[in-house]
Amino acid sequence: MNIKLRLALQFTLIVAGILLFFSALVYYFSYSSQLTKFRQSLLERAKDNATLFINVAEVDSSLLMKIHESTSSWENEELALTDSAFNIIYSYNSEILNDRGTLIYHKGNEVNYFNVRGKDGVSYRHTYNNHIYFVYVMAFDRSRFANLRELRKFLFWSIIFSICLSVLFSYFFARRAIRPISDIIRTVKEINSLKLNNRLNEGNKKDEIAQLAVTFNEMLSDLEVAFRNQEEFVSNASHELRTPLSVMIGESEYFLNRNRSLDEYQKQLSGLVIELKNMNSLINSLLELAQINRDRNVIFSDIRIDEVVFNAILKVKGKYVDRKILPKITYPESGNELIINGNEGLLEIAFTNILDNACKFSERDVSISFLIDEEKIVINIADEGIGIPDDEIEAINKPFKRASNVRFIGGYGIGLSLVTKIIEIHHARLNIFSKLNEGTRFEFSFSRA
């Protein structure tokens, strides 16, 4: 059973239960009201007859009988008057009330209501001149039974009609309520690894179904990033690793075609070692890029940005011993003004890559400056190297994308894309300013913690 039918059935059962409950209440109160009214009429009839027959001397049995015959309006009405010993001193149309045992059993104290063989009755104790009399009146309330029969019929058909309407409307509203879920199912069926850019309709983004769509879209975004990064990594790795491996295999096979001297073997092995080191560097860069793409849950903490930059400078200085890297910073009164919220290891990788590029593509000094204001910390790393062509600056941060003027300088084009990913994770900004043959300046802008 699908959800629409289940909701419609549950709603119908609830409506049917409510209708039955209120119908029972209506029937009970109607029955009680009519019974009370009829019993009150019986009591008034008993009091009137007691007053006429006992208190009024002019009224005798014959006169009272004529009065009853002309005024009786109830079906099978019975009346009996007894003394204190339950001896009948007057009766009218008596059947049940002829039984002395019945009279004694239903005598009551002042007023007693009873029902015998479907007839409602009342016994009333009347006192006159220190004598006690009992008056019994019984009758069949035909109008009450007719009214209750009509009420039962009305309630029955009302319940049936209401249940039919509730089935119809509950299915309609259930179908309408489930429609967003049906739309989600239809959209999800169309999504596959080639269509991860499809998104669900998020509606008003407030109700539970809309929140489900929002959550599913967030999951799709994560999956899309993961698939894209995986495809990108596989494509990049296969593209970059295939060429050096093919070259090394070809050169080795050619070198092994005939015997060589010891010097030639050493020279060949030295060349292979250099190629393997370059490949190792490439593989490490690829793995770092893949790790950053995959792991979005990076642990952040409060760190001093100047210390991260100086650690990167020490690493690069070890590689370029003869190159000057000149940091310029005016320290604020409090060291807390240099604190940002970030990941120290990733930021060190970013600054190391930028400084390495600055030293690689420039033979002159590299300068680093810090600008600190109330909200941000801006770091500029500038070189006086070969620069980047204007039309290539926007695309230079893509993986394996290198400027056209560095084709004869070693590198793989991964470093800047790695830096861009790290800066994105830190919600910082990176601007690149460059002039051909004059130099390049990288501007990092971080929010203070």
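The structure displayed is predicted, hence computed values, not measured ones.
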Open item on the list: I'd like to know if Glu95 and Arg117 make a salt bridge, using a cut-off of under 4.0 Å between side-chain N and carboxylate O.
Closed with: no
Open item on the list: Which label fits Tyr133 and His126: parallel for a plane angle under 30°, tilted from 30 to 60°, or perpendicular past 60°?
Closed with: tilted
TODO: Over all heavy atoms of both residues, which pair between Val366 and Leu355 is shortest? Give the atoms and the distance, please.
DONE: CG1-CD2, 4.2 Å
Open item on the list: What verdict does the side-chain contact (heavy atoms from CB on, under 4.5 Å) test give for Tyr171 and Thr12, after you've listed the backbone C-alpha separation in whole Å, the side-chain angles of each residue and the deciding distance to 0.1 Å?
Closed with: CA-CA 9 Å; Tyr171 183 80; Thr12 301; over 6 Å; no
Open item on the list: With rounding to the nearest 0.5 angstrom, report the CD1 to CG distance, Ile88 to Leu79.
Closed with: 10.5 Å
- [ ] Measure the shortest side-chain to side-chain distance between Val419 and Asn357 over non-hydrogen atoms and say whether it is less than 4.5 angstrom.
- [x] no
TODO: Give a yes or no answer on whether the side chain of Ser33 reaches the backbone of Phe29 with a donor-acceptor pair at less than 3.5 Å.
DONE: no
Open item on the list: Around atom CZ of Arg152, are there more than 12 heavy atoms from other residues, nucleotides or ligands closer than 6.0 Å?
Closed with: yes
Task: Any donor-acceptor N/O pair, Ser434 side chain to Gly439 backbone, under 3.5 Å - done: yes
Open item on the list: Before you tell me yes or no, could you show the steps for Tyr124 and Glu110 under side-chain contact (heavy atoms from CB on, under 4.5 Å), namely the whole-Å CA-CA distance, both residues' side-chain angles and the distance that decides it to 0.1 Å?
Closed with: CA-CA 6 Å; Tyr124 166 67; Glu110 183 71 26; 3.8 Å; yes
- [ ] With rounding to the nearest 0.5 Å, note down the distance linking CG in Asp48 to CG in Leu43.
- [x] 9.5 Å
Open item on the list: Can you confirm whether Tyr27 is buried at OH, in the sense that more than 12 heavy atoms of other residues, nucleotides or ligands lie under 6.0 Å from that atom?
Closed with: yes
Open item on the list: Could you check whether any side-chain N or O of Lys119 sits under 3.5 Å from a backbone N or O of Glu78, counting only pairs where one atom can act as donor and the other as acceptor?
Closed with: no
Task: Shortest non-hydrogen contact from Thr82 toward Leu103 - done: CG2-CD1, 3.8 Å
TODO: Answer yes or no: is there a donor N or O on one side and an acceptor on the other, between the side chain of Asp99 and the main chain of Gly101, under 3.5 Å?
DONE: yes
- [ ] For atom CZ of Phe169, decide whether the heavy atoms of other residues, nucleotides or ligands shown that lie under 6.0 angstrom number more than 12.
- [x] no
Task: Side-chain heavy atoms of Asp141 within contact of Leu35, under 4.5 Å - done: no
Task: Rounded distance [0.5 Å steps], CD1 in Ile379 versus CD1 in Ile368 - done: 8.5 Å
Open item on the list: Quick one, Ile163 and Val15 - any side-chain contact, counting heavy atoms below 4.5 Å?
Closed with: no
Open item on the list: Can you confirm whether Phe351 sits close enough to Val316 that some side-chain heavy atom of one is under 4.5 Å from a side-chain heavy atom of the other?
Closed with: no
Open item on the list: Can you classify the ring geometry of Phe370 versus Phe310 as parallel (below 30°), tilted (30 to 60°) or perpendicular (above 60°)?
Closed with: tilted
Task: Minimal non-hydrogen separation, Gly121 against Met138, with atom names - done: CA-CG, 3.7 Å
TODO: Would you mind reporting whether Arg125 and Ile132 have side-chain heavy atoms less than 4.5 Å apart?
DONE: yes
- [ ] Work out which heavy atom in Phe11 is nearest to a heavy atom in Ser166; give both atom names and the distance.
- [x] CD2-O, 4.1 Å
Open item on the list: One pair to check against side-chain contact (heavy atoms from CB on, under 4.5 Å): Asn49 and Tyr92. What are the steps and the verdict?
Closed with: CA-CA 11 Å; Asn49 280 279; Tyr92 169 76; over 6 Å; no
Open item on the list: Can you confirm whether Asn343 sits close enough to Ile425 that some side-chain heavy atom of one is under 4.5 Å from a side-chain heavy atom of the other?
Closed with: no
TODO: Look up atom CG in Asp383 and atom NZ in Lys360, then write down how far apart they are to the nearest 0.5 Å.
DONE: 12.5 Å
TODO: Before giving the answer on side-chain contact (heavy atoms from CB on, under 4.5 Å), spell out for Val309 and Ile329 the whole-Å C-alpha distance, their side-chain angles and the decisive distance to 0.1 Å.
DONE: CA-CA 11 Å; Val309 174; Ile329 179 171; over 6 Å; no
TODO: Over all heavy atoms of both residues, which pair between Val167 and Ser170 is shortest? Give the atoms and the distance, please.
DONE: O-OG, 3.0 Å
- [ ] Could you tell me whether a side-chain N or O of Asn112 sits under 3.5 Å from a main-chain N or O of His106, the two making a donor and an acceptor?
- [x] yes
- [ ] Specify whether Phe446 and His426 have parallel, tilted or perpendicular ring planes, treating 30° as the upper limit for parallel and 60° as the lower limit for perpendicular.
- [x] perpendicular
Task: Check: Asp356 side chain, Thr352 main-chain N or O, donor-acceptor pair, under 3.5 Å - done: no
Task: Nearest-0.5 Å distance that lies between atom CD1 in Ile305 and atom CG in Asn341 - done: 11.0 Å
Open item on the list: Counting C-beta onward and ignoring hydrogens, is there a side-chain heavy-atom pair between Leu13 and Leu9 closer than 4.5 Å?
Closed with: yes
Task: Atom CZ of Phe154 with >12 non-hydrogen neighbours under 6.0 angstrom - done: no
Task: Donor-acceptor under 3.5 Å (Arg448 side chain, Asp373 main chain) - done: yes
Task: Nearest-0.5 Å distance, CZ of residue Phe442 to CD1 of residue Ile423 - done: 11.0 Å
Task: Main-chain N/O of Asp83 paired with Asn87 side-chain donor or acceptor, under 3.5 Å - done: no
TODO: Say whether, by atom type as modelled, one donor and one acceptor occur between the side chain of Thr440 and the main chain of Lys435 under 3.5 angstrom.
DONE: no
TODO: Look at the side chain of Asn380 and the backbone N and O of Ser369, then say whether any donor-acceptor pair between them is shorter than 3.5 Å.
DONE: no
TODO: Answer yes or no: is there a side-chain heavy-atom contact under 4.5 Å between Asp120 and Tyr113?
DONE: no
Task: Ser445 to Val378 - nearest heavy-atom pair and separation - done: OG-CG2, 4.1 Å
Task: Short side-chain donor-acceptor distance under 3.5 Å, Ser30 and Gln34 - done: yes
